[in-house]
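Report on the following structure.
Proteins get letters first, then strands, A, B, ... in listed order; numbering begins at 1 in each.
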Protein chains: 2
Amino acid sequence: MLVQTSAPMHVGQHLFRVGDAFQAIYAVRSGYFKTYATDDTGREQVLGFHLPGELMGLGAIYPNQHQVNAVALDTATVCRLPYNDLAGLATQMPSLQRQLLRLMSKGITGSQALSGDFTAEERLAAFLMSLSQRLQQRGYSPTEFNLAMTRRDIANYLRLATETVSRTLAQFQDDGLLAVERRNLRLLDLERLGQLCHNVPQI
Amino acid sequence: MLVQTSAPMHVGQHLFRVGDAFQAIYAVRSGYFKTYATDDTGREQVLGFHLPGELMGLGAIYPNQHQVNAVALDTATVCRLPYNDLAGLATQMPSLQRQLLRLMSKGITGSQALSGDFTAEERLAAFLMSLSQRLQQRGYSPTEFNLAMTRRDIANYLRLATETVSRTLAQFQDDGLLAVERRNLRLLDLERLGQLCHNVPQI
DNA sequence: CGACAAGTTGAACTCTGTCAATCCGGGTGG
DNA sequence: CCACCCGGATTGACAGAGTTCAACTTGTCG
């Protein structure tokens with residue numbers, strides 16, 4: 001069987017860790033994941049969030065070992081795609097192979113969008129728009145969704161202080177751009193939110 | 001002939017521009033170049049500086065079009081390495097091919113060293129140390145050289161304001177780290193300069 | 001010599017990080 | 001069942017780094 005659906009994972013459970021042997025790619029079926037690395041000083045660096053329908057583990061193909069840690073942010077399930085099967089299929093389907101390579105080269109590096117010197121507003125707006133668009137692509141509501149990750153994770157990912165994330169969200173709410181309550185988010189003005197981050201490369 | 005030496009180029013003259021058909025790689029023979037891109041709002045982003053002995057144009061191999069602009073910062077000459085010749089040679093020499101691929105993947109993205117949130121001190125120190133080391137590798141003095149690029153270019157590259165570059169250079173001078181007069185630079189304390197940027201990934 | 005670009009310097013201001021206090025919700029244990 | 005506790009989240013005060021604005025200097029090139 002090409003696709004294997006996993007048992008549900010719970011918050012904080014790791015799907016794979018740095019150094020694990022690479023055997024399969026994973027597609028998120030439900031729930032959220034985050035990927036992160038730990039730098040030489042022991043600090044965690046959040047590299048990305050993975051929504052239902054998205055792939056994880058592509059960065060491990062070349063060195064045959066996982067380069068990052070992947071952990072469930074809430075109750076989640078994944079589909080396991082054993083690499084051998086996938087690779088065999090890819091050789092027969094050039095389009096699949098091309099897509100895998102594209103995802104690889106994009107996925108390994110992580111978003112370079114956060115490299116520039118963007119303001120907290122720009123970063124957060126870009127982040128929210130990215131979530132919105134990715135959820136919409138998968139058939140979910142682009143305007144009302146759950147922030148499964150903590151403010152701390154968001155801040156780490158965007159390279160801000162958690163307080164700044166909190167404040168900027170509050171400011172967005174004051175400006176009528178969105179309504180936020182704990183983890184529940186409703187985007188009220190995608191138009192203006194998009195303008196805020198028009199010069200931030202796609203996250 | 002594999003290597004073609006160009007006629008001297010003068011300040012501001014472009015070696016290639018975004019969109020130019022990719023036909024050759026260039027090695028700087030003398031002088032300095034900078035590569036830059038222009039974002040959708042028309043602002044210039046300096047991507048790197050190229051010193052004698054270094055290669056340019058590798059990022060164009062895949063899409064077969066140049067991805068950046070390359071312009072001479074002073075009177076300069078280059079060696080033109082037609083890609084067909086090089087590619088033919090590479091197929092016969094796996095080591096050459098490997099080196100080209102490595103340079104490619106490193107060279108396209110540009111330095112991600114400037115991604116993090118580093119201080120102006122760290123950025124500038126890392127920049128100067130990078131120049132110093134690269135010049136030394138090519139047989140030039142690592143402690144006394146010419147800043148062919150303007151403060152504006154440096155600032156743009158390091159994502160600072162030109163005033164900050166100016167001030168930080170002045171501060172380094174006050175601290176006895178270097179002596180600078182216009183474009184002439186003398187590094188007086190490589191040790192401390194290196195310490196200043198020890199946690200900045202190599203530029 | 002004059003004009004202009006490059007570079008420097010000063011002052012005010014803005015943004016964001018840090019520190020600290022507080023709030024809130026969910027889970028635990030008595 | 002309720003009080004307590006704890007981590008996540010918010011809010012305020014403050015400080016430091018760096019940008020912006022503006023004035024001024026210096027060097028270069030016609």
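Between A:Glu122 atom CD and C:dT16 atom C1' the separation is 14 Å, expressed in whole Å. Note: CG (B:Leu147) to C1' (C:dG7) measures 13 Å, nearest angstrom. B:Asn184 places its CG atom 14 Å from the C1' atom of C:dA6, with the value rounded to the nearest Å. Rounded to whole Å, atom P of C:dT16 lies 12 Å from atom CG of A:Leu158. Between A:Ile154 atom CD1 and D:dT10 atom C1' there is a gap of 14 Å when expressed in whole angstrom units. Regarding B:Arg152, its CZ atom lies at a distance of 16 Å from the C1' atom of C:dT8, rounded to whole Å. As rounded to whole Å, 15 Å separates atom C1' of D:dT10 from atom CD of A:Gln171. The nearest whole Å value for the distance from the CG atom in B:Leu124 to the P atom in C:dT8 is 11 Å.
Under the 3.5 Å distance criterion, with hydrogens and angles disregarded, a donor-acceptor pair is assigned to the side chains of B:Glu191 and B:Gln195.
Between B:Asp153 and B:Lys34, the closest side-chain pair of non-hydrogen atoms falls below 4.5 Å. Contact check for B:Leu196 versus B:Phe172: side-chain heavy atoms found under the 4.5 Å cut-off.
If you check D:dT10, C:dG7, D:dT11 against the side chain of A:Ala170, the one that comes closest is D:dT11. Comparing C:dT9, C:dT8, D:dA9 against the side chain of A:Thr150 picks out D:dA9 as the nearest. Distances from the side chain of A:Ser166 to the nucleotides C:dT8, D:dT10, D:dG8 place D:dT10 closest.
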- Message: I need a per-nucleotide contact map over nucleotides 14-30 of chain D, read 5' to 3'. Cutoff is protein heavy atoms under 4.0 Å; write B for the base, S for backbone only, - otherwise.
- Response: ----SBBBB----S---
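Of the listed residues (B:Thr77, B:Thr75, B:Asp74), just one forms a side chain to side chain donor-acceptor pair (under 3.5 Å) with B:Ser30, and that residue is B:Thr77. Applying the side-chain contact (heavy atoms from CB on, under 4.5 Å) test between B:Ile154 and each of B:Leu124, B:Leu128, B:Leu169 identifies B:Leu124 as the sole match.
One distance of note links CG of B:Leu188 with CG of B:Leu177; it measures 8.0 Å at 0.5 Å rounding.
Aromatic ring pairs are classed by plane angle as parallel below 30°, tilted from 30° to 60° and perpendicular above 60°; the pair A:Phe16 and A:Tyr26 is parallel.
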